[in-house]
Amino acid sequence: MSELYGKDLITTQEWTLDELVEVIKLAEKLKALIQKGEKPPRILDRKVFFMIFYAPSTRTRGAFEAGMELLGGHAPYIDVTTTRIRAGEAVKDVAKMYDLYGDGIGVRVLDKAIDFKYGEGQKIMRQFAEVAKVPVINMADDTYHPTQALGDIMTVIEKLGELQGKKYTITWAYSSKLRGLCSIQSEVLIASRFGMDVTVAHPPGFDLDPRVVEMAKKNAEDAGGSFEIVHDFEEGLRGANVVFPRSWVTWELQKVGATAFGPERELEIHNKYKNWRLEQHHVDDLMAKPAFVTHVLPVFRGEEATDDVMDGPNSIIYEQAENNLYAKMAVLALTMAKEIPI
Ligand code: CP
């Protein structure tokens, strides 16, 4: 029986390295099968995975829904605005209902749904996990996006092979929109866990959760990699094998929420750093060879990065998005099936 059967995935930090590797290995097998044109076995035959969305999604919903279908199960999409939650029904009662009706629960709760108040999404996620006996899978909250990180590290491994000694730069990039930290922090945690030299570059004020910074340092120490934070865009990129350019909001905003802080005030801060935009010459002149440009998507083209670089020879954004389907399928299979017959 899979050791992961019945287990929640709230953050990759709560799974062992062996468990994370098991997900990637299964994702690779599923990918190989599907790319050969074969159907994967019905590992989740007639199982139901409820997907509870407080916030919108292009990829995560599509990948989980397609993944459940491919594994023989079903993934009902629950938009919380169509439930009784907004009318005041307690989260614990809602969690109990989907626990009774299904075999797994996915929750997405972040950004506007919690007015960018850091920790509120994670609190709701933990409430679901506390009540539900079936596995609860974090489909992105304000703090973590673990299945994204798994698909992304799978892609980096495919491209680079051995990760020890390879530099992964996660850089703040300009955007005229507000975005939370979950993907940033999950990338930092997984890349440091796999022994990469991780650099986070951001202008002053765009700090990560200090607890995540401590975890990343510890991960790097344990795995023989390194972790650093720099405040210069070009310095961050120098010698990087992988770059992920993405915007996120200031730590000050996240302490009080977007409404209290003022979205206009936040964007005035962003506007000071419009030159933090990834362009092809940065990749050519500053990064190591080979160099890979990644993004969890959506990317704000022309702001975070130019079309040239996102559509250019170093970009692996669509391969990364595809691998996210296989990684999510692997998480679903390993947490919701007793046996994995491949
Ligand atoms: N990367 C990601 O989570 O995309 P969506 O917000 O579209 O699901």
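All of these numbers come straight from a predicted model, not from anything done at the bench. Atoms within a ligand are numbered from 1 in the order they appear, just like the ligands themselves. If you read the sequence from its start, that first residue is 1, and numbering goes on from there.
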Any idea which part of [X] is under 4.0 Å from ligand 1, heavy-atom wise: side chain, backbone, both or neither?
{"X": "Asn324", "result": "neither"}
{"X": "Arg108", "result": "side chain"}
{"X": "Gln148", "result": "side chain"}

Looking only at distance, does [X] have an N or O less than 3.5 Å from an N or O of ligand 1?
{"X": "Thr60", "answer": "yes"}
{"X": "Pro56", "answer": "no"}
{"X": "Val296", "answer": "yes"}

Check [Y] with [X], please: is the shortest side-chain N to carboxylate O separation under 4.0 Å?
{"X": "Lys7", "Y": "Glu19", "value": "yes"}
{"X": "Asp311", "Y": "Arg301", "value": "yes"}
{"X": "Glu14", "Y": "Arg126", "value": "yes"}
{"X": "Glu279", "Y": "Arg277", "value": "yes"}
{"X": "Lys31", "Y": "Glu322", "value": "no"}
{"X": "Arg265", "Y": "Glu252", "value": "no"}

Between the CG atom in Leu297 and the CD atom in Glu304, the distance rounded to the nearest 0.5 Å is 9.5 Å
Of all the heavy atoms in Met139, does at least one lie under 4.0 Å from an atom in ligand 1?
no
Could you tell me whether ligand 1 has any atom less than 4.0 Å away from a heavy atom of His145?
yes
Please confirm whether Phe206 and His270 have ring centers closer than 6.0 angstrom.
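Aromatic pair counts; centres sit under 6.0 Å.
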Atoms of ligand 1 less than 4.0 Å from Leu297 heavy atoms?
1 (N), 2 (C), 4 (O)
For atom 4 (O) of ligand 1, what is the nearest protein heavy atom, given as residue, atom name and distance?
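Here the nearest protein heavy atom works out to Arg59 NE, 2.9 Å.
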Would you mind checking which non-hydrogen protein atom is closest to atom 7 (O) of ligand 1, with the distance to 0.1 Å?
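That would be Thr58 N, 2.6 Å.
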